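Just so you know, these numbers come straight off a predicted model, no measurement behind them. So that the names make sense, note that chain A is the first sequence line, chain B the second, and so on, each numbered from 1.
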2 protein chains.
Amino acid sequence: MSAAGVRARVRAEMTEEIKTVARRHLATDGANLSLRAVARDVGMASSAVYRYFASRDDLLTALIIEAYDAVGDTAEAAADQPAGGDADRFLALAHAVREWALADPHQWALIYGSPVPGYQAPQDTIGPATRVIFKIAAIVEAAYRAGQIAPGPEPTGRYAEELAAVAAQFGPDVPPRLIGAALSAYFQLIGAISAELFGQLNNSVDEDRRGFFEFQMRGAAAFIGLP
Amino acid sequence: MSAAGVRARVRAEMTEEIKTVARRHLATDGANLSLRAVARDVGMASSAVYRYFASRDDLLTALIIEAYDAVGDTAEAAADQPAGGDADRFLALAHAVREWALADPHQWALIYGSPVPGYQAPQDTIGPATRVIFKIAAIVEAAYRAGQIAPGPEPTGRYAEELAAVAAQFGPDVPPRLIGAALSAYFQLIGAISAELFGQLNNSVDEDRRGFFEFQMRGAAAFIGLP
DNA sequence: GCCATAACGAGAGCACTGCTCTTGCTTTTC
DNA sequence: GAAAAGCAAGAGCAGTGCTCTCGTTATGGC
């Protein structure tokens with residue numbers, strides 16, 4: 001009918017509805033959601049879903065990309081908020097990511113937990129996956145350019161060269177040490193949240209987990225040298 | 001027949017064989033191993049396995065406990081090796097744990113990855129689960145008793161009180177700050193290994209991951225204040 | 001406007017899963 | 001030696017991912 005085509009529009013809507021229902025199932029069943037159950041909720045035969053997603057893994061991949069983008073949005077928005085210093089920007093980012101994870105633990109587990117067995121992340125995911133670390137690196141780089149970070153000893157060894165290659169993406173003279181520190185802070189962020197979500201904190205810090213998280217993230221910021 | 005009973009001995013052997021085969025399947029299929037496939041490999045009907053493990057989750061729980069004990073053994077052995085300083089003991093522990101994880105990623109994912117959906121960790125697991133962090137805390141405490149750790153500002157807030165309660169388990173006057181730092185270092189250890197294993201390091205540090213891991217763990221040791 | 005083509009939804013079916021129940025058999029216990 | 005308890009096997013149930021076939025419906029070239 002129309003230029004866009006009725007079928008194309010219906011297809012897009014259908015795809016979106018399947019993903020929405022799947023996301024709802026993800027929140028209750030985790031990564032082992034049932035494609036058949038999703039199909040039942042959508043109101044179509046399970047075989048019809050395969051017109052939209054080639055396999056259950058393909059459906060999960062779509063959800064993974066959306067999750068990466070959601071956490072990326074969250075992180076970038078929080079970091080762009082006006083804040084006192086660069087350390088505060090990092091802390092705001094960290095708290096925002098943590099709260100996003102607490103609001104939907106299964107979605108967090110989907111992207112930062114153990115990979116689904118037999119699942120191989122396709123190329124499409126690597127772009128959105130890097131948004132949080134890139135934002136952290138951007139904060140660090142900005143602080144460095146502003147002369148806020150004191151110089152320190154540069155690492156040596158082969159990994160330092162690899163860090164230098166990554167650092168080159170940010171500019172001609174970014175010290176590899178800072179990229180290493182940013183990467184380390186990123187992993188501390190993920191590790192701290194995962195530890196809390198996956199129950200590693202039980203029976204030690206149960207009440208003020210937010211406070212302990214901030215304690216850890218302040219350590220990470222100090223490691224980078226953020227003011 | 002014998003005092004122990006033939007049946008009891010056969011039962012113990014059978015239980016062990018099922019676990020051994022299951023561990024082998026774990027290495028290839030991950031946490032979604034099939035109880036039926038395990039039964040086939042052992043050479044018995046799937047229903048017979050239920051005489052030994054009440055459910056598939058029960059089997060996994062047994063494997064989880066063994067995995068916690070294995071990594072606990074590894075960590076303790078490495079830390080008890082004679083070393084230059086306390087930082088070296090921590091680094092030895094960290095490298096040993098990392099190598100254990102690299103040797104059997106699925107076993108690592110089983111205990112430090114996202115929890116299997118619907119699976120609730122029973123009480124039996126919390127004992128073995130704490131061995132690594134307790135060993136780290138012991139290293140920190142020993143260094144503190146020996147006067148090797150410089151005093152620093154103590155944290156405030158509710159989480160500090162919770163840390164103090166944990167610190168009391170180690171002695172009357174262990175600063176909560178050190179317990180917090182030890183806990184943070186433990187999560188950095190887990191986070192760094194998980195990040196490497198779950199593919200977060202791809203396309204940034206690919207060659208000298210051991211070197212970058214050491215860089216991170218030196219940061220953690222410095223955060224504690226280990227000499 | 002017609003019509004071949006492609007997309008689509010539904011149903012049946014395959015091989016698999018965790019788990020239960022029943023049915024015989026063997027070991028232990030009294 | 002008999003009763004009781006432990007054990008292995010098979011059938012069966014409800015569920016899974018995925019494939020194939022078969023009518024139906026929208027699309028694009030003529």
Students often get this wrong, so: under 4.0 angstrom with heavy atoms, is B:L59 touching a base, only sugar-phosphate, or nothing?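 Since no nucleic acid heavy atom lies under 4.0 Å of B:L59, the category is nothing.
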Within the 4.0 Å heavy-atom criterion, would you say B:S55 contacts the bases, only the backbone, or no part of the nucleic acid? sugar-phosphate
[X] and [Y] ion-paired at < 4.0 Å:
{"X": "B:R131", "Y": "B:D73", "value": "yes"}
{"X": "A:R158", "Y": "A:E162", "value": "no"}
{"X": "A:E214", "Y": "A:R218", "value": "yes"}

Nearest-Å distance, [atom1] ([X]) to [atom2] ([N])?
{"X": "B:L35", "N": "D:dA8", "atom1": "CG", "atom2": "P", "result": "14 Å"}
{"X": "A:M44", "N": "C:dC8", "atom1": "CE", "atom2": "P", "result": "10 Å"}
{"X": "A:Y52", "N": "D:dC18", "atom1": "OH", "atom2": "P", "result": "18 Å"}
{"X": "A:E13", "N": "C:dG9", "atom1": "CD", "atom2": "C1'", "result": "17 Å"}
{"X": "A:R9", "N": "D:dT25", "atom1": "CZ", "atom2": "P", "result": "18 Å"}
{"X": "A:R51", "N": "D:dA26", "atom1": "CZ", "atom2": "P", "result": "15 Å"}
{"X": "B:F53", "N": "C:dC19", "atom1": "CZ", "atom2": "P", "result": "13 Å"}
{"X": "A:D29", "N": "C:dT17", "atom1": "CG", "atom2": "P", "result": "21 Å"}

Without swapping roles, check the side chain of B:R209 against the backbone of B:V205 for a donor-acceptor pair under 3.5 Å.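 Confirmed, B:R209 side chain pairs with B:V205 backbone.
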Selected nucleotide, minimal atom distance to A:Y50 side chain, candidates C:dA10, D:dT16, D:dG17: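 For A:Y50, the side-chain atoms sit closest to D:dG17.
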Of the nucleotides C:dC19, C:dC8, D:dC18, which has the atom closest to the A:R56 side chain? D:dC18
For nucleotides 14-16 of chain C, give me every protein contact, N/O to N/O, under 3.5 Å, one pair per line with atom names.
none

Could you tell me if the ring centre of A:F213 sits under 6.0 Å from that of B:Y159? no
Distance-only donor-acceptor test, B:R11 side-chain atoms vs D:dG6 base atoms, 3.5 Å: no
Side-chain donor or acceptor of B:S47 under 3.5 Å from a matching atom on the base of D:dA9?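 In this structure, the two groups form a donor-acceptor pair.
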Specify whether A:F223 and B:F215 have parallel, tilted or perpendicular ring planes, treating 30° as the upper limit for parallel and 60° as the lower limit for perpendicular.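 If you compare the ring of A:F223 with that of B:F215, the planes turn out tilted.
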Pairwise N/O distances under 3.5 Å, protein to nucleotides 4-6 of chain C:
none

Between A:S114 and B:W108, is the side-chain hydrogen bond (donor to acceptor under 3.5 Å, both in side chains) condition met? List the steps. CA-CA 9 Å; A:S114 23; B:W108 175 269; over 6 Å; no
Note: B:A192 and B:M217 closest approach over all heavy atoms is CB-CE, 4.1 Å
Stepwise side-chain contact (heavy atoms from CB on, under 4.5 Å) test for B:L163 and B:L183: CA-CA 9 Å; B:L163 290 179; B:L183 210 49; 4.3 Å; yes
